[in-house]
Amino acid sequence: MNLILCIVLAGTTLLQPLSARLEKISYLTGSFLQNDYWALTMDSETSSGIMHLAHPNRFLLSYDNSEGRALGCTGTEMFTVDPVFKEVLVYSGSPAGFLHLLITASQDDNIITSSENGDSLIVIASGVFEGGIAEITAGYTLSDSLPFFFSTTDINGNSTSWEMWDLSTGLISPDIFAIPDIPEFSIVDAGVL
């Protein structure tokens with residue numbers, strides 16, 4: 001019992017600088033490289049683009065490889081813009097933004113490991129998280145507590161990771177986190193699919 005308590009406290013302590021920094025930032029933007037891996041087919045895909053994060057729990061990933069492709073969260077609803085099928089898929093329910101996942105990783109009973117290299121710290125939380133996630137990894141710089149890496153792996157071995165760079169912060173969050181209303185695109189409730 002004491003060992004589990006120490007591990008959870010260590011996780012809270014290790015992730016606290018990153019969580020606290022993201023909670024205080026009004027707006028964060030930068031470039032990202034996303035790697036997706038599907039365990040069943042052993043397929044992988046790499047995408048890149050521009051990331052936008054804003055408190056509370058809002059984000060927008062605008063992809064370079066397909067004009068108009070995006071993934072976002074309004075703070076209450078997740079959405080995906082699919083230019084191939086001309087659809088905006090909306091996922092209602094519990095939001096799963098980066099800050100929400102970090103807070104979940106530091107509060108749940110889980111196993112925490114970390115590695116430090118110069119100004120960089122990588123924290124891995126393993127356990128049972130929302131949405132079937134089994135592992136959450138976060139990397140941030142110790143000097144400014146800004147993220148440079150984030151990944152999730154589900155119970156089936158599927159994973160998504162993001163490398164981030166050229167980050168900048170702002171005091172005002174732009175009005176870009178709403179579900180887009182695009183002419184000729186259908187808005188589809190993903191819960192009824």
Side-chain angles (χ1 to χ4, degrees), residues 15-37 45-83 87-107 122-123 125 129-133 135-141 144-154 158-182 185 187-191:
L15 290 170
Q16 193 278 332
L18 176 59
S19 296
R21 180 69 193 262
L22 291 178
E23 286 177 355
K24 291 178 184 175
I25 291 174
S26 296
Y27 174 63
L28 176 70
T29 188
S31 299
F32 73 88
L33 180 69
Q34 178 177 320
N35 290 298
D36 294 297
Y37 174 75
E45 180 181 21
T46 300
S47 307
S48 62
I50 302 297
M51 168 194 73
H52 307 273
L53 297 175
H55 190 69
N57 206 34
R58 297 178 294 162
F59 71 88
L60 179 65
L61 302 177
S62 297
Y63 293 90
D64 294 337
N65 62 335
S66 179
E67 187 176 337
R69 180 175 164 224
L71 170 66
C73 183
T74 65
T76 57
E77 296 177 302
M78 298 267 303
F79 63 89
T80 304
V81 178
D82 185 342
E87 292 179 335
V88 178
L89 297 171
V90 179
Y91 307 85
S92 299
S94 177
F98 297 105
L99 184 57
H100 174 75
L101 289 173
L102 280 175
I103 291 169
T104 301
S106 65
Q107 291 179 343
I122 293 186
V123 180
F129 306 103
E130 297 178 18
I133 295 174
E135 184 176 277
I136 298 171
T137 303
Y140 65 95
T141 51
D144 60 11
S145 300
L146 287 176
F148 62 83
F149 183 80
F150 187 80
S151 77
T152 61
T153 303
D154 71 17
N158 304 309
S159 65
T160 300
S161 65
W162 296 269
E163 297 173 40
M164 298 161 263
W165 66 92
D166 290 340
L167 298 180
S168 62
T169 61
L171 298 175
I172 299 173
S173 174
D175 189 22
I176 59 173
F177 301 102
I179 295 171
D181 184 12
I182 306 169
F185 275 56
I187 295 180
V188 178
D189 182 351

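The model shown is predicted, which means the values in this text are computed figures rather than measured ones. Values reported hereafter were calculated over all heavy atoms of this structure, with side chains retained and with hydrogens, waters and symmetry mates removed. For the single chain, residues carry numbers from 1 onward in sequence order.
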A.B. asks: To the nearest 0.5 Å, what is the distance between CG (L18) and CD (E23)?
C.D. replies: 10.0 Å

A.B. asks: Run the ring-ring contact (aromatic ring centres under 6.0 Å, His included) test against Y63 and tell me which residues pass, sequence neighbours left out.
C.D. replies: F32

A.B. asks: Could you tell me which residues satisfy side-chain contact (heavy atoms from CB on, under 4.5 Å) with S159, sequence neighbours excluded, listed by chain and number?
C.D. replies: Y37, T153

A.B. asks: Do F150 and I136 have side chains that approach each other closer than 4.5 Å (heavy atoms only, starting at C-beta)?
C.D. replies: yes

A.B. asks: Going by the rule side chain to side chain donor-acceptor pair (under 3.5 Å), which residues pair with T74 if we only count those two or more places apart in sequence or in a different chain?
C.D. replies: T76

A.B. asks: Tabulate below the donor-acceptor pairs under 3.5 Å that side-chain atoms of residues 165-175 make, not counting sequence neighbours, or state none.
C.D. replies:
from : atom 1 : to  : atom 2 : distance (Å)
S173 : OG     : R58 : NH2    : 3.4

A.B. asks: What's the spacing between D189 CG and E77 CD if we round to 0.5 Å?
C.D. replies: 8.5 Å

A.B. asks: Could you go through H55 and I25, starting from their C-alpha distance and side-chain angles, then the distance that decides it, and tell me whether this counts as side chain to side chain contact (heavy atoms under 4.5 Å, CB included)?
C.D. replies: CA-CA 7 Å; H55 190 69; I25 291 174; over 6 Å; no

A.B. asks: Taking atom CG of L146 and atom CZ of R21, what is their separation to the nearest 0.5 Å?
C.D. replies: 4.5 Å

A.B. asks: Could you list the residues that satisfy side chain to side chain donor-acceptor pair (under 3.5 Å) with T80, not counting sequence neighbours?
C.D. replies: none

A.B. asks: Only counting residues at least two apart or in another chain, list the ones meeting side chain to side chain donor-acceptor pair (under 3.5 Å) with N35.
C.D. replies: T46

A.B. asks: Restricting to non-hydrogen atoms, name the atom on P180 and the atom on V81 that form the minimum distance, rounded to 0.1 Å.
C.D. replies: CG-CG2, 3.6 Å

A.B. asks: For M51 and F59, what are the C-alpha separation, side-chain angles and deciding distance, and is it a side chain to side chain contact (heavy atoms under 4.5 Å, CB included)?
C.D. replies: CA-CA 7 Å; M51 168 194 73; F59 71 88; over 6 Å; no

A.B. asks: Would you name the heavy atoms of F79 and A178 that are closest together and state the gap between them?
C.D. replies: CZ-O, 3.7 Å

A.B. asks: Got a second to check how far L61's CG is from S47's OG, nearest 0.5 Å?
C.D. replies: 10.0 Å

A.B. asks: Could you state the interatomic distance from CG (L33) to CH2 (W162), rounded to the nearest 0.5 Å?
C.D. replies: 12.0 Å

A.B. asks: Between CD1 of I182 and CD1 of I187, what distance do you get to the nearest 0.5 Å?
C.D. replies: 8.5 Å

A.B. asks: Do L89 and D82 have side chains that approach each other closer than 4.5 Å (heavy atoms only, starting at C-beta)?
C.D. replies: no

A.B. asks: Do F177 and N57 come close enough that some side-chain heavy atom pair is under 4.5 Å?
C.D. replies: no

